[in-house]
**Q** 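Sharing a structure with you now.
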Amino acid sequence: MANGFEPKIVGFLCNWCSYTGADLAGTSRIKYATNLRVIRTMCSARIDPTFILKALLEGADGVLICGCHPGDCHYVEGNYKAMRRFPLLKRLLDAYGIENERVQLEWVSASEGRRFAEVVDRMTEQIKALGPCKVRTALDFDMAER
Amino acid sequence: MAVQADPRLVAELETYGAQDVLKCYHCGNCTAVCPFSKEPFIFPRKSMRYLQMGLREKLKANLEPWLCYYCGECSEQCPREAEPGETMMSMRRWLTAQYDFTGISNLLYRSWWAELAGILLIALATGFGFWKFGTSVGDIHVYDGPNAFLPSSAIHAFDWTMATILGTFLLVNCVRMWWMTMGKDPRTRATPGMYVHRLGQLLLHFFTQKRYSECDKKAPWRLHIVLMLSYVTMLVLIMFFLPVVQAGPAINWWAHALGYAASAGLIVTVAMALVGRIRKSQTHYKHSHETDWIFLAMLLYVAVTGVLQHALHRLGHPYAANITYLAHLMGVVPMLVLEVPFSKWAHMCYRPLAMYFAALQIDVMEAREAGAVPETRTA
Amino acid sequence: MDNQKIGVYVCNCGTNIKKVVDCDEVAAKALEQDGVVCAKSYKYMCSNPGQEMIIKDIKEQGLDRVVVSACSPRMHEATFRGALAKAGLNPYFLEMANIREQCSWVHVDPRAATDKASDLTRGAVRRVVHHEALEKRFVDMCPATLVIGGGITGLTAALELAESGNQVYLVEQSDRLGGNLANVDLTAPYLDSARDLIRERILRATRNPNITVFMNAKVESLDGYVGNFRARIAADGETVPVEIGSVVVATGYKPFDASRVKAFGHGTNPNVITSFEFEAMLRKGRIVTGQGRPPRYVTVIHCVGSRSEEFHPYCSRVCCMTALKYGQEIKAALPDAFVYDLYIDMHAFGKGCEDFYKQASEIRTIFMMFQKNTAPQIVAAGPKDDCEMFLRVDDKLSGEEVDIPTDLIVLMVGMEAREDSGEVARLVNISRDKDGWFIESHPKLDPVATTTDGVYIAGCCQSPKDINESVAQARAATARIMAKIAKGRIEVDAVFAEVNQDDCSGCRVCNDLCPYGAIDFDPEAKRSNVISAMCKACGACVTACPSAAIKGRHFTDEQIFAQIEGVL
Amino acid sequence: MSQLRIGVYFCSRRNGASASAPDTRALATYAATLPQVAEVKILAAGASLDPAALAKELASRKLTTVVIGAQSPGYFKTAFTRAMALAGLDPEAIRLASFREHGAGYGDPTERAKAVVACAVLDVPFALAAVPDRTPMHPDTLVIGGGIAGIQTALEIADAGKKVYLVERSPTIGGHMAMFDKTFPTLDCAACILTPKMVAVDQHENIQLMTWSEVESVAGKPGDYQVKIRKKARYVDLDACVACNDCSAICPVTVTSEFDSGIATRKAIYIPFPQAIPNGFVLDAENCTWIQSEGTKCGACVKKCSKEAIHFDDKDEVVEVTVGNIVVATGFETFDARRMDRYGYGTFPNVLTALEFERLTNASGPTGGNIVMKTKKLNKRTKQEEWVFDPDGPRPKSVAIIHCVGSRDRNYNPYCSRVCCMYSLKFAHLVKEKLHDAKCYEFYIDMRAFGKGYEEFFERIKEEGIHVVRGRSAKVKEVGGQLLLRGEDIVDDKVLEMPVDMVLLAVGLEPDAGSGDLARKLGLSRDEGGWYTESDYNIDPTGTHRGGIFVAGTCQGPKDIPDTVAQASSVAAAVLKTILREQGTGSQGDVTLASIENLARQLAEI
């Protein structure tokens with residue numbers, strides 16, 4: 001670790017593929033970074049952009065969204081909906097000046113425990129490199145200006 | 001380069017007494033349980049494998065059957081009742097036939113009636129010969145001394161001629177064995193120095209069967225060594241001291257003591273072996289090839305008639321003694337003629353030789369690893 | 001909301017959690033949260049005493065919310081909801097924090113792991129505050145069943161249900177029943193007649209008034225939900241709608257295409273055939289080489305397409321025994337022929353199979369063991385050789401590379417998922433694994449159920465299987481169905497979406513969004529509303545609703561916002 | 001249909017009639033009376049058929065169709081098929097009359113065989129003609145055995161709202177699976193997936209759980225069995241007991257724990273394991289001082305128990321229940337490794353059996369899941385040195401796992417035990433996981449990784465650096481306290497003399513000791529291995545020839561968990577079927593020749 005900075009990452013996982021995949025990582029005892037805090041939703045389609053903003057405002061340094069691979073969605077095509085929302089969200093984040101890497105969308109299936117661990121590790125490293133998320137402070141500053 | 005498989009080889013070996021060879025599924029239990037199985041000589045499983053696949057040449061060059069004494073451990077523990085011990089036994093028979101250039105051995109092993117016929121033929125020939133020969137010079141009522149029916153000097157001469165002939169056969173076969181196992185493959189060619197250096201091995205194993213004694217089971221070795229020593233003693237007595245043994249009326253006790261001991265040894269051990277085979281009391285007695293029976297039967301016959309002939313002579317029945325003597329010879333000659341170069345008896349040479357060669361092959365290997373002998377691959 | 005009384009229970013799971021996470025600290029931290037009146041750490045929360053502890057506290061301390069920090073909710077949520085219910089508390093006042101699968105089992109640093117566990121627990125505490133009492137509901141169970149696939153598995157499933165007095169619709173894609181088994185002559189290891197076996201099933205099925213068989217048919221669509229499915233079956237030109245309560249998927253497998261293994265040249269070399277082609281020869285009694293002569297040497301090669309990096313990693317489970325069976329049959333038909341059997345590992349695991357393996361060697365099958373991920377090479381035979389070709393095998397049991405004489409090569413082709421398995425999976429809304437086999441809801445304790453209630457998988461479409469295993473699975477599936485039929489009604493989960501009629505603007509965005517068509521639009525009122533029994537609670541509509549009029553029960557915005565605050 | 005000329009040929013593979021072998025002469029005479037039979041012949045036993053000769057014969061007799069009658073006619077079919085082809089006849093026109101398949105094993109074999117031949121001649125599938133009478137069906141079910149098979153069956157039936165009696169011999173349900181640490185190939189912990197089901201059984205309103213009980217006798221007929229069940233005296237009132245452990249804590253008697261397969265101890269009053277169901281204690285009368293001394297000594301626990309749950313006057317009680325169906329799920333026990341003395345089990349402390357290792361590596365086991373070697377410890381009470389597992393004892397640096405111990409071996413059990421390969425791989429994984437730098441060896445004959453995800457698991461194990469050696473090793477010696485393992489490495493062509501710290505024996509499976517006795521009570525037949533015989537290997541793997549009696553799980557033959565569960569559920573289906581249509585079927589064995597022949601003739605008409 002370059003600096004002692006331990007980012008906090010909020011993860012939104014769909015119940016059927018990604019959350020199960022995360023469980024599989026557990027049952028297979030695959031080790032990964034401790035920085036992720038998982039919140040379970042039934043489907044990636046349920047993940048509302050406001051959740052992500054909320055998380056960042058609450059001081060998360062990154063947000064990970066995981067769903068079934070395209071075509072494997074338990075709800076037929078929920079993950080496509082999530083996929084379509086994502087670019088819009090990205091634009092919004094750009095407007096806020098939030099680095100792209102802070103919010104990531106990944107497909108993790110129920111049989112991909114190892115992949116899940118890799119995703120978490122990789123993202124943790126990226127966020128560490130970026131350092132803490134400034135949106136909170138920026139926002140407070142805004143408030144002060146008014 | 002790949003070797004060609006011959007699916008018919010198993011059937012061929014079965015005529016030599018192999019059984020259930022194909023049942024082996026290669027768990028490796030037999031090899032692991034055998035006290036003699038040490039690299040580079042890993043057996044019996046691997047020999048079984050060569051046989052299953054029908055790698056004829058591999059088997060011909062294989063010394064391993066001779067390194068096995070058939071204690072039976074492997075067969076007892078075999079999870080598939082594939083009888084590895086018996087397979088090794090049958091391979092020894094097969095190899096004996098391979099070494100023998102005359103093809104007689106092959107014939108004897110593959111058809112018991114041929115063997116019986118052979119025995120009968122030679123026996124009659126012997127009987128006839130001696131009868132004519134005996135009556136022509138001596139009197140059937142005279143056993144020893146002047147005008148003896150079968151004068152020991154004559155027998156002595158006969159023995160030596162026969163010994164030379166059979167010896168030559170055996171020697172040739174031994175040479176063939178050497179060629180198949182040592183000479184043919186350049187990778188196993190040893191230097192003369194090595195041959196000289198390991199010569200001790202040959203004699204040691206010949207006389208003591210040291211290796212046999214290393215089996216976990218000791219009883220078979222004891223029986224075998226007694227049998228073998230008795231036999232050799234008898235052989236020496238006959239070849240060198242026949243006149244002494246037969247001369248009378250004064251008795252040369254040291255020769256006789258030896259003689260009696262040897263005969264006793266022979267009869268007892270052979271009887272034990274026979275009973276064992278009949279009762280199938282031990283694993284290595286479970287399966288008996290025809291040649292096993294014939295061999296034991298003849299040995300017993302020869303021993304008994306020998307003793308009888310001697311007793312009759314000493315008890316002063318020269319006529320009866322001469323008849324039994326004739327009967328004795330009619331057993332001895334075929335036995336030696338067929339067994340020594342072509343069958344069971346040959347192993348007395350092959351075994352020690354095999355151990356000698358095995359030691360040499362290890363030397364060669366070590367030498368090669370040391371880089372002394374250049375690596376040469378064979379096609 | 002301050003008046004709430006929350007109980008927090010931290011499970012040690014023996015040492016599974018405790019060895020990394022300081023459970024006592026997690027409990028202590030939890031106790032500092034608003035509304036938390038008791039927090040305990042215990043060896044096995046799932047054990048009876050553990051549950052008793054919760055029940056006792058609920059009753060004595062009047063808890064109205066419970067948080068259990070333990071294993072994955074997928075494991076024990078039902079257990080603890082049960083405990084709440086027993087204590088007279090609505091089961092949905094429970095929230096679990098997954099501190100085992102997603103914490104203690106994946107982390108090594110106790111400090112970090114403990115902090116994470118505390119965060120997750122805090123998240124759960126914050127969330128549970130917003131939980132609402134939800135009631136389970138019941139829907140009717142239609143006793144009819146749709147069975148897809150007319151192989152041994154499908155036939156068996158259909159017969160079980162029909163013979164217990166229930167209607168079955170059996171849909172077969174081809175023009176005959178019996179599936180792959182119908183092409184087989186004898187079965188291993190007892191060499192019973194597959195023909196008689198399948199014939200008996202078919203006769204029963206066709207004679208049973210409760211079974212409607214659709215030949216050359218295809219299920220076009222399936223909608224509805226457990227107990228109340230509607231399927232449209234396309235058969236000879238017309239489409240038949242049927243009402244069913246359950247679906248059994250028994251679409252089976254397809255034999256591996258041997259020509260994909262270049263080394264053997266199947267398709268180009270007339271003396272290289274697949275096990276199925278050989279099976280046909282056996283039935284015709286004409287075992288011949290490409291040259292039309294009876295072979296002197298037959299070589300059977302195992303694991304063609306199976307247990308290989310290049311093709312399928314898995315074992316196809318039945319080929320070994322079938323190969324041994326061929327040994328028997330060849331020797332019977334051609335007593336003088338030699339049979340070589342090239343295997344990697346001999347999978348003779350079933351009842352009577354090891355003995356069958358021994359018999360194979362007793363009739364002089366010659367076994368050769370080759371290395372996984374290698375293929376024996378075909379070598380041309382010389383003019384004086386008495387065989388069509390040689391097969392060069394690197395025999396592992398002797399370390400020798402040997403050429404075995406061969407006239408005919410039989411390739412034991414493995415099983416693979418059918419091309420249309422993806423289509424079927426989408427049709428009945430179940431998922432497939434990396435090899436295309438359908439995924440069961442639990443690999444050990446629930447091998448025939450799927451993630452979609454009322455849809456069951458049986459036989460080789462789930463993974464390669466022998467006849468008796470397929471039959472067992474077929475029956476297992478029917479057991480679940482019969483249980484539901486016997487009860488006559490089904491519990492429906494209380495979690496679904498609902499539209500707040502006052503907020504709904506009638507924009508109809510949600511209507512097409514719902515993959516289950518669970519939202520319909522009331523033209524008069526100009527409002528959308530959710531048919532709760534069909535709703536699978538994915539929440540897509542909730543997120544999409546521009547006027548936030550749709551509430552995803554048990555996954556409300558408040559609940560998730562609170563959880564976000566909690567974990568951070 | 002056109003007039004056929006059927007030839008009936010009776011074949012047998014071995015000469016010498018076995019008990020279940022029918023009288024061939026009688027069969028031949030009978031066959032001759034059947035319609036369209038033009039030729040009946042008994043072929044020499046054990047003779048291998050020559051298709052060419054057969055072809056001539058078939059042609060000369062102008063036969064159109066052949067029926068082969070034998071215990072397993074399939075062995076002769078191909079020869080006949082070829083003969084038919086050679087004779088220019090229809091090779092498909094061969095029908096098999098399999099006595100073995102259709103139950104010559106029970107009832108009068110000859111009568112049965114006649115029926116089988118009749119069906120073959122009339123070309124009617126036997127199962128369609130041999131239909132047992134329908135019987136009224138009592139809705140309740142008895143499940144014998146509380147392992148995963150029994151639990152699954154009981155739950156499936158009970159979930160349908162039907163009453164189930166679950167009888168378990170030991171004090172808790174859960175069976176062997178409860179003892180396991182992880183389950184292959186997914187490695188999820190056995191307890192995690194089993195305990196919810198155990199709890200469900202305990203809480204289910206339709207299941208009456210009878211642990212510490214055994215089936216005494218069975219009377220009645222299919223659909224209506226009267227079963228006497230002996231509830232052994234538990235001496236602890238389950239309703240009162242709260243599993244507080246006070247009694248156990250004070251109990252002075254220490255004995256080896258069955259649940260920990262002997263590697264740990266328990267008290268004379270004990271609970272098998274924390275999650276035991278029912279979650280109450282039990283008193284082991286054989287070892288209890290108070291019971292043995294007829295109330296003159298000890299009695300500490302009864303004084304200690306605040307809930308007054310312990311009653312020494314508790315007596316065995318025999319209850320009778322009436323059920324329609326009986327499900328046998330008595331499971332297995334492991335092969336006794338002492339029988340193979342060459343591995344030195346019982347002599348060398350660190351030669352362990354599979355179950356011992358399961359407990360050793362189990363987080364809830366005596367060492368908390370630490371894999372350690374046995375060490376000598378002084379037992380304070382007996383004043384004797386004994387070998388025990390000390391949680392912080394020395395870790396083995398090398399572990400060897402020997403496959404097929406007692407399995408695939410004519411000297412012991414000829415059959416494959418089906419699960420050992422996979423659990424051995426699992427062990428190897430656990431060793432690597434817990435002792436990173438320990439060496440681990442697998443000595444195997446064939447690696448039987450046949451299930452879903454099994455082969456992949458095998459590959460993974462190899463990647464983890466476990467040495468897999470093809471060749472079941474033969475001997476374990478001890479030289480100066482060091483275990484020495486001798487074996488052949490077949491693939492690498494070596495003879496290994498390998499020093500290892502710990503040897504694990506992958507012991508095979510054997511039928512439960514009580515299964516023979518139970519078979520007698522229920523009138524079931526068992527195969528030479530002692531496993532219950534199913535009514536049809538292929539299409540009825542869970543039925544028996546006795547109506548309303550089914551077998552599930554490993555008592556029918558070795559099986560892994562998924563296969564066991566599938567079977568258990570399939571039995572539930574068979575049971576529910578009878579309950580739903582409110583009638584069961586009588587015993588296959590009781591169907592008479594006359595009824596089979598009549599029905600067959602009727603069906604043949606259609």
**Q** I'd like to know if D/Asp563 pairs up with C/Lys444 as an ion pair, taking the criterion as any Lys NZ or Arg NE/NH1/NH2 lying under 4.0 Å from an Asp or Glu carboxylate oxygen.
**A**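 No, this pair does not count.
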**Q** Between CG of C/Leu186 and OG of D/Ser98, what distance do you get to the nearest 0.5 Å?
**A**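 With rounding to 0.5 Å, CG (C/Leu186) is 10.5 Å from OG (D/Ser98).
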**Q** For each of C/Glu200, C/Lys396, C/Glu52, C/Arg317, tally heavy-atom pairs with chain D at distances under 4.5 Å, and name the one with the top tally.
**A** C/Arg317
**Q** Describe, in one word, how the ring planes of D/Phe450 and C/Phe349 are oriented to each other, choosing from parallel (under 30°), tilted (30 to 60°) and perpendicular (over 60°).
**A** parallel
**Q** Checking heavy atoms, do the side chain of C/Ala188, its backbone, both or neither come under 4.5 Å from chain D?
**A** backbone
**Q** Would you confirm whether D/Lys452, through its side chain, and C/Gln462, through its main-chain N or O, come within 3.5 Å as a donor-acceptor pair?
**A**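 At least one qualifying donor-acceptor pair exists.
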**Q** Checking heavy atoms, do the side chain of C/Lys43, its backbone, both or neither come under 4.5 Å from chain D?
**A** side chain
**Q** Specify the closest pair of heavy atoms between D/Glu456 and C/Pro313, including all atoms of both residues, with the distance to one decimal.
**A**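 Minimum heavy-atom contact is OE2-CG, 3.8 Å.
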**Q** Once you round to the nearest 0.5 Å, how far does CD1 of D/Ile490 lie from CG of C/Leu397?
**A** 6.0 Å
**Q** Of the listed residues (C/Asp192, C/Thr478, C/Ile467, C/Ile485), which shares the most heavy-atom pairs with chain D below a 4.5 Å separation?
**A** C/Asp192
**Q** Measuring heavy-atom distances to chain D, does C/Cys71 have an atom under 4.5 Å in its side chain, in its backbone, in both, or in neither?
**A** neither
**Q** Run the side-chain contact (heavy atoms from CB on, under 4.5 Å) test on D/Leu603 and C/Arg207 for me, step by step, so that the C-alpha distance in whole Å, both residues' side-chain angles and the decisive distance to 0.1 Å come before the verdict.
**A** CA-CA 12 Å; D/Leu603 290 166; C/Arg207 287 171 184 207; 3.1 Å; yes
**Q** If you round to the nearest 0.5 Å, how far is CG of D/Leu580 from CG of C/Asn166?
**A**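 One finds 6.5 Å between CG of C/Asn166 and CG of D/Leu580.
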**Q** Heavy-atom pairs under 4.5 Å with chain D are the metric here; pick the option from C/Arg286, C/Glu101, C/His442 that has the most.
**A** C/His442
**Q** If I compare all heavy atoms of D/Gln556 with all of C/Lys351, which pair ends up nearest, and what's the gap?
**A**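 In terms of heavy atoms, the two residues are closest at O-NZ, 2.8 Å.
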**Q** Please identify, among C/Met482, C/Lys86, C/Gln51, the residue contributing the most non-hydrogen atom pairs under 4.5 Å to chain D.
**A** C/Met482
**Q** Work out which heavy atom in C/Ala332 is nearest to a heavy atom in D/Ala79; give both atom names and the distance.
**A** O-CB, 3.5 Å
**Q** What part of C/Ile152 gets closer than 4.5 Å to chain D, counting heavy atoms only: side chain, backbone, both or neither?
**A** side chain
**Q** Assess whether side-chain contact (heavy atoms from CB on, under 4.5 Å) is satisfied between C/Leu445 and D/Ile148, documenting all intermediate values.
**A** CA-CA 9 Å; C/Leu445 297 190; D/Ile148 180 61; 3.8 Å; yes
**Q** Go through it in stages, so that I can follow the logic: the residues are D/Thr81 and C/Leu282, the test is side-chain contact (heavy atoms from CB on, under 4.5 Å), and I'd like the CA-CA distance, side-chain angles, deciding distance and then a yes or no.
**A** CA-CA 8 Å; D/Thr81 316; C/Leu282 288 167; over 6 Å; no
**Q** So which part of C/Cys353 gets closer than 4.5 Å to some heavy atom of chain D, the side chain, the backbone, both or neither?
**A** side chain
**Q** Are D/Pro541 and C/Arg475 close enough that some pair of their side-chain heavy atoms sits under 4.5 Å apart?
**A** yes
**Q** Considering residues at least two apart in sequence or located in another chain, which fulfil the side chain to side chain donor-acceptor pair (under 3.5 Å) criterion with D/Asp560?
**A** D/Tyr454
**Q** Give the C-alpha distance, both sets of side-chain angles, the deciding distance and a yes or no for side-chain contact (heavy atoms from CB on, under 4.5 Å) between D/Arg410 and C/Lys358.
**A** CA-CA 10 Å; D/Arg410 306 308 283 185; C/Lys358 182 154 179 280; 3.8 Å; yes
**Q** Give me the atom names and distance for the closest heavy-atom approach of C/Ala483 to D/Ala160.
**A** CA-CB, 3.4 Å
**Q** Taking the side chain as every heavy atom from C-beta outward, state whether C/Asp185 and D/Thr78 have any pair of such atoms under 4.5 Å apart.
**A** no
**Q** Apply salt bridge (charged side-chain N to carboxylate O under 4.0 Å, His left out) to C/Lys284 and D/Glu92, showing your working.
**A** CA-CA 7 Å; C/Lys284 281 203 228 65; D/Glu92 299 271 350; over 6 Å; no
**Q** Is a donor on one side and an acceptor on the other found under 3.5 Å between the side chain of D/Asp446 and the backbone of C/Met346?
**A**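 A pair under 3.5 Å: yes.
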**Q** Any chance you could lay out the salt bridge (charged side-chain N to carboxylate O under 4.0 Å, His left out) test for D/Glu455 and C/Lys372, step after step, and finish with the verdict?
**A** CA-CA 11 Å; D/Glu455 186 71 24; C/Lys372 194 174 164 178; 2.5 Å; yes
**Q** Taking side chain as everything from C-beta outward and backbone as N, CA, C, O, which of these in C/Thr156 sits under 4.5 Å from a heavy atom of chain D? Side chain, backbone, both or neither.
**A** neither
**Q** At a 4.5 Å cut-off on heavy atoms, which part of C/Leu203 comes close to chain D: side chain, backbone, both, or neither?
**A** side chain
**Q** Using only heavy-atom distances, determine whether the side chains of C/Tyr190 and D/Gln71 contain a donor-acceptor pair under 3.5 Å.
**A**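 D/Gln71 and C/Tyr190 do not have a side-chain donor-acceptor pair below 3.5 Å.
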**Q** Does atom CZ of C/Arg489 have more than 12 heavy-atom neighbours from other groups under 6.0 Å away?
**A** no
**Q** So which of C/Pro189, C/Gly350, C/Ala78, C/Ser47 has the biggest tally of heavy-atom pairs under 4.5 Å with chain D?
**A**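 Ranked by contacts with chain D, first place is C/Pro189.
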**Q** Would you mind telling me which of C/Asp466, C/Asn468, C/Thr187 makes a side chain to side chain donor-acceptor pair (under 3.5 Å) with D/Asn538?
**A** C/Thr187
**Q** Let me know if C/Phe356 has heavy atoms under 4.5 Å from chain D in its side chain, its backbone, both or neither.
**A**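 For C/Phe356, the contact with chain D is made by the side chain alone.
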**Q** Salt bridge between C/Arg480 and D/Asp159, side-chain N to carboxylate O under 4.0 Å?
**A** no
**Q** Minimum heavy-atom separation for C/Pro447 to D/Val565, with atom names?
**A**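 Nearest pair, atom of C/Pro447 first, then D/Val565: CD-CG1, 3.7 Å.
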**Q** Closer than 4.0 angstrom, basic N to acidic O: yes or no for C/Arg307 and D/Glu459?
**A**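 Looking at D/Glu459 together with C/Arg307, the answer is no, because their closest N to O distance does not fall below 4.0 Å.
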**Q** Could you look at D/Asp492 and say if it's the side chain, the backbone, both or neither that has a heavy atom under 4.5 Å from chain C?
**A** neither
**Q** Ignoring hydrogens, what is the shortest heavy-atom contact between D/Cys416 and C/Ala348? Give both atom names and the distance.
**A**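 Scanning both residues completely, I find the closest heavy atoms to be CB-O, 3.6 Å.
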**Q** May I ask you to say whether C/Asp196 pairs ionically with D/Arg95, meaning some side-chain N is under 4.0 Å from a carboxylate O?
**A** no
**Q** Looking at C/Glu354 and D/Arg448, does any basic side-chain N land under 4.0 Å from a carboxylate oxygen?
**A**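 Here C/Glu354 pairs with D/Arg448 in a salt bridge, since their nearest N and O are under 4.0 Å apart.
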**Q** Hey, which of C/Lys19, C/Lys465, C/Met369 has the most heavy atom pairs under 4.5 Å with chain D?
**A** C/Met369
**Q** Quick check on C/Gln328 against chain D: is it the side chain, the backbone, both or neither that has a heavy atom closer than 4.5 Å?
**A** side chain
